[in-house]
Amino acid sequence: MDAADEMDIDAAADEAGSPPSASGSLSTFLSELAALHRRSSGTSSSTSTSPPLSLASLTFLSSAASPSSSIFPRLAAAGLPASSLSAPLAASLSSAHHPLPAAVAYLRLLLAPASPLLSLFSPLPFLSLLLALRKSASSSAAAHDGAAAANPSSGSGSGSGKGNHRNRKRKSHQQRQSPAAQAAAPSLLPKALALLADAAGRLPLGEHPDARRSLVDTAAELAAFDVLVAVLGSGYYAEAMPDLVRALAPVALSGSRSAARAAAVEFLARKVVPLGVEGGEDGVRKAVGYLPRYLAAKAPEKSEARAMAVEAIVEVVRAMGQLEMEGFAGYVVAMAKGKAKGRLLAVDLILAMLPLLLPSEGDDCGLQEGSWGLKFVRVLVERCSDTVGGVRARALTNAAHALDVLSERGMEVDRLQEVMRIGNIGLGELLRLRCADDKAAVRKAALVLITKSIRLIGRPVDESLLTAMGAACSDPLVSIRKAALAAISEVLRNFPDERVTKEWLQAVPPLVIDSETSIQEECENLFLELVLNRVCQAANLNLNDESNDMEEVFPKGTLHLLKSICDGEVAPCIKKICASLGKKKKLKPLLASSLQNIITISESLWLRGCKPIEMWTAPAGAWWLLSEVSSFAPKSVNWKFLSHHWKLLDNVGQDKGKVCPKGEPNSALWAVDRVSLLQTISNVSMELPVEPAAELAHSLLTRIENFDMNLSEVDAHVKSLKTLCKRKAKTAKEGETLILKWVQQLICKAVNILDEYIKETSEAAKGPKFFTPLSGKLKGRKDASAQKSMSRAVIAVFTIGSLILACPTANVQGIIPSLHTIITSGNSQPRPKNLAGGTVSFKELAPSLYIQSWDTMAKICLVDDKLAKRYIPLFVQELERSDLATLRNNIMIALADFYVRYTAMVDCYMSKITKSLRDPCEVVRRQTFILLSKLLQRDYVKWRGVLFLRFLPSLVDESEKIRHLADFLFGNILKAKAPLLAYNSFIEAIYVLNNCLGHGAQPESQGRLDGGPTLFAIRGTDERSRLKRMHIYVSLLKQMAPEHLLATSAKLCAEILAAACDGLLNVDDAAGRAVLQDALQILACKEMRIHPNICTDNSEMDEEGGDGGSTNAALQAAKGRAVTQVAKKNLIQIAIPIFIELKRLLESKNSPLTGCLMECLRTLLKDYKNEFDEILVADKQLQKELLYDMQKHDVAGKGKAKAAAAAAAAEAGPSGASPAVNVGGKRVDGSARATARSVLKEVNRNTPTPPLNSMSVPKVRSMLGGGGGGSRRPAVLESVRRLEPFGSDDEN
């Protein structure tokens, strides 16, 4: 090489480092290229590479002003071959300095008019070009992100450490680039992509699959769809089709709604799918036909991303022909029967594709037999019973939307019912099953489907489905209760018959006391809409001359609705609803007017029939509802209306003993109406005129003084009289004085009546032994007189109780001795004869008086603490020994009130009070359960001592209502109020339920101190008792978190299994065996098993939602994995050694629990079958023995099954013939019996496992640290016993 050449090369090198402002020219470029060519010609290609072109030359070649048409002729004139451009351009494209200008220059040269493509194009430079485009796009995006991060207003914070590290790397990369490159990158990239689109159709990429694949991937990554269009228009589009589908699938299935995703979906539907038409190439048609299947296979699993993937797939399918669409429909049907992921996607695809497969006309020809629409609907209904809860929930939700689609197409009701039926299971039965599903999402979806389907099906739902919806209204999850509330209300809105109304009133009004405020408000609004507004429709009704039947006069269902709302169980909730609506001023005056109109029309219809007014009663519930709403609309109640009916009801009440010509009056119903009428009068007393109010007060006082009313009316009369006095008095002090005056007057008269009755009864008991027998007529008069006297005494005692509550300051000292005489008359202890009534047993002579005396004494004790201190022990004593269920129920209510007023006095009797939870009377048990539950919720009673253990048998009570209450208490209230109580008391509960006073059970917990050791026990090894105990255990396990389940498992091993090994628990005793058997069955039950998904299963539906849902799910999953690892470690270090020792003990005693132990052990190790070697890696001998025992047990099960089959076959065969049957296509004769006998004989040899001291114990590291050789069984058991319980809930 001469000096001139060296100078040219140095000049070119210097020019390469020149500033970017150098413009360059064709002559400069040619001279530089000549120098590079001479250099490469004089140097071996194996030892050197060509240097890149200078920036000036690249800028010249990439500019639009460069004469690209004259470049190649000038090269030929200068004697330079076209291939001399390849090496410098390839070096420039691979360089880190100016790759983008080099890419534009290379593309412009390829597109030049006289460009020699075969000489200039090469796969490696082309791949470098595509890589340069991708890097340029990523650096541009990084620069944009860096600018956004540098702007404080564009972000919410500094981000994570990892993100800051990534931003620092991008920033340093940007700083390394020259300013010209950073400025040129955004402007040159679109130009490069445009040039690439022009060149894609001309380049010979059909022969270079790697370059073709890279081109498609780059275009898909950069969303350069012009390039992809050029690829489809090229001659190699058939070979590029699979690559194109593969590259665009991630973009089309991305989980974000971006412009690139929309463009990718549109490109697939508008450009790719039309290429698969008939007559095209087979490869292209197959690729297009499999396009939606490929997208379905690559669809993501997350719900939002899956929904967007379904949209993309449907857009592609919509662009296909009918044949391809039906082919994909068959694929979806097959996918719905495959794996869980595919089934979940299939139910979404079925809903999205259903409109495409149904005709737009208003007929049902799209659901004929064999049509894809019918197949889709049936598959969707089948998936509603899928084994995976998520698939069931999604299928039910999509079925609800599918019903909307079918109804829009004019589908008839009968056809809908037929289509939604699978086998013998109709839509109603399916929904009933799903409403009781164990997955919350499934239950919610089923309720949503009910809400939508009830409008379309057009017929009432089944009784069982109604019951299921009512039960769902008390679901633990708020979202389920909301959905159930909407569903059952929709049913009532469409079918307001008696059956639906009854179930609705039983389910919805109790939600007014729900813990969720939104549910309370929705309950009130629905009651206002569906009940009160329907009653308001009768406000403007007029009685026609021809009307005689009330059912025809009033709107349909109104009378039954009024009758149902005053039911004893529903009335308290409706009272609360009316009070809440009244405070919010939502009760219209029209409601009160409507109720008055209903009562007036009812009376007029009765009189029109010429019937006696004494036999008339207002429609049930009308007076009661009026009494509840009148306090919020007092001006809407007419005083003339009230006065007329008060006189009518009062006169009939006083003359109730007289017999009417056509029968007796309905005294009980009239008494109820009088109570409601008095309550209404009290509510509107401020609106009453002065003179009528005084007259009414005098009438009320006279009625009370007669002591001849029904007991249900006494309280109403006293309260009404008190209200009238307080509201009509000029001052509060004057009102209190007036009330005290007539209260003392009534008490004196009541005391006189009671004393007179006691005196008469005592004298009758002391009467002469010998007297002339009375005639029948005289005897009847005497008995009637005695009965009337006793009735007045009962009413007098009850009235005293009402008066003392109305006026606590009244003096009742005169009544105490008489009440004491009556309530102590049932004692067997002798009493002084000089005491009035001392020798009379009022419990036997007058039980009603005896009961009312206890009630009145309780009311007096509520206002007198000194008297309460004396008589509370008597109440507890009577509760224990009384044989009157009514009295025990009343005393239980009184003690609950005492607990609120005098907590310290009653708390010491809690162990005796809780005995009523096992009372023989269901009403007393239910009342006790409800009262104690309320005290627990209000923190008057603490969950400690015997209380929790004595509540457990209520979970398996004979009464379904009590069981339902117990499930709600333990599953909702207790879980939130004392979440650790079930864990801390679990072991003790096992001993108490089995009545085993042994290791781990305290005498106080078993009730031995109060004489009730067996009252709360469910003893016995029979199937019924065992199932009851297991139900209780499972209910407690369901309340525990995974870490508590793990600790409970360790405590069971330490405090029961290890206790049996050490002799602390006597396995020879029946109670001890029952405790050990329960512990083994608990360890083997599925609720005790801990698996990684248990944490995520427990938080199946996040009520809060929000952005933290995915983070919370990840934390729960990590927690589940950690708990699983700890469970495995505990199994190795704690459970296995104890099981081996216990097995040796049971075999030495020939105990029947050996089989139960082996069943438990096999269940525990079933999940670790593949890790058995790892669990017992330190002791191969122990591993072999356990495997042998498990295999022997499995053989025993198979042998017993074969023996049972052979015995059944022998019984089924003819007598005298050989017992041969055809089982599974093979001949089985008497040899089967011999085989079964030999197997059973081998199994039942009971060959014991060698003692623990003769074998090696697993050499594993201890949980407490340290490890060593030898047997560590005593240390392991001792460490387990020292496990500390979780914190107590007594502080809550």
Do any N or O atoms from the side chain of [X] and from the backbone of [Y] form a donor-acceptor pair under 3.5 angstrom?
{"X": "R432", "Y": "A468", "result": "no"}
{"X": "S1025", "Y": "D1022", "result": "no"}
{"X": "T1048", "Y": "H1044", "result": "yes"}
{"X": "R1019", "Y": "N995", "result": "no"}
{"X": "S474", "Y": "A471", "result": "yes"}
{"X": "R925", "Y": "D919", "result": "yes"}
{"X": "R392", "Y": "V442", "result": "no"}

To the nearest 0.5 Å, what is the distance between [atom1] on [X] and [atom2] on [Y]?
{"X": "E1141", "Y": "L1145", "atom1": "CD", "atom2": "CG", "answer": "7.0 Å"}
{"X": "K1028", "Y": "D957", "atom1": "NZ", "atom2": "CG", "answer": "8.0 Å"}
{"X": "L955", "Y": "L969", "atom1": "CG", "atom2": "CG", "answer": "8.5 Å"}
{"X": "M1030", "Y": "S1035", "atom1": "CE", "atom2": "OG", "answer": "10.0 Å"}
{"X": "S1049", "Y": "M1040", "atom1": "OG", "atom2": "CE", "answer": "11.0 Å"}
{"X": "L947", "Y": "L936", "atom1": "CG", "atom2": "CG", "answer": "5.0 Å"}

Heavy-atom pair of closest approach, residues [X] and [Y]:
{"X": "A440", "Y": "L477", "answer": "CB-CD1, 3.0 Å"}
{"X": "L1153", "Y": "L1080", "answer": "O-CD1, 4.4 Å"}
{"X": "L344", "Y": "G390", "answer": "CD1-O, 3.8 Å"}
{"X": "A989", "Y": "L952", "answer": "CB-CD1, 3.6 Å"}
{"X": "K1051", "Y": "Y983", "answer": "CD-OH, 3.4 Å"}

Open item on the list: Using 30° and 60° as the class boundaries, would you call the ring planes of F970 and W943 parallel, tilted or perpendicular?
Closed with: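 Judged by the thresholds at 30° and 60°, the geometry between F970 and W943 is tilted.
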
Open item on the list: Please identify which of these residues, R434, K337, R343, meets the salt bridge (charged side-chain N to carboxylate O under 4.0 Å, His left out) condition with D386.
Closed with: R343

Open item on the list: I'd like to know whether F951 forms a side chain to side chain contact (heavy atoms under 4.5 Å, CB included) with T914, so could you lay out the CA-CA distance, the side-chain angles of the two residues, the decisive distance to 0.1 Å, and finally the verdict.
Closed with: CA-CA 8 Å; F951 263 86; T914 51; 5.5 Å; no

Task: Verdict with reasoning, F1139 to L1083, per side chain to side chain contact (heavy atoms under 4.5 Å, CB included) - done: CA-CA 12 Å; F1139 269 100; L1083 287 171; 4.1 Å; yes

- [ ] Salt-bridge test for E1147 and R1144: reply yes if a basic N is under 4.0 Å from a carboxylate O, no otherwise.
- [x]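 So E1147 does not pair with R1144 through a salt bridge.
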
Please examine the side chains of [Y] and [X], heavy atoms only from C-beta on, and report whether any two atoms are closer than 4.5 Å.
{"X": "R950", "Y": "R918", "answer": "no"}
{"X": "L1037", "Y": "C1085", "answer": "yes"}
{"X": "I1056", "Y": "L1065", "answer": "yes"}
{"X": "C1156", "Y": "Q1081", "answer": "yes"}
{"X": "R1026", "Y": "Q1077", "answer": "yes"}
{"X": "M1088", "Y": "L1052", "answer": "yes"}
{"X": "I1082", "Y": "V1034", "answer": "no"}
{"X": "F948", "Y": "V992", "answer": "no"}

Open item on the list: Within the supplied structure, the quantity of interest is the number of heavy atoms (other residues, nucleotides, ligands) at a distance under 6.0 Å from H1031 NE2; does it exceed 12?
Closed with: yes

Task: Stepwise side chain to side chain contact (heavy atoms under 4.5 Å, CB included) test for L1015 and L917 - done: CA-CA 10 Å; L1015 189 60; L917 289 169; over 6 Å; no

Open item on the list: I'd like to check the salt bridge (Lys or Arg N to Asp or Glu O under 4.0 Å) partners of D475; sequence neighbours left out, ordered by chain and number.
Closed with: R443

- [ ] List in chain and number order the residues that pass salt bridge (Lys or Arg N to Asp or Glu O under 4.0 Å) with E958, two or more places apart in sequence or in another chain; answer none if no residue qualifies.
- [x]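 In terms of salt bridge (Lys or Arg N to Asp or Glu O under 4.0 Å), with neighbours along the sequence ignored, E958 is linked to no residue.
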
Open item on the list: Looking only at side-chain N and O atoms, does R1029 offer a donor or acceptor that is under 3.5 Å from a partner on N994?
Closed with: yes

Task: salt bridge (Lys or Arg N to Asp or Glu O under 4.0 Å) contacts in which one or both residues fall within residues 1065-1074, not counting sequence neighbours - done: D1068-K1149

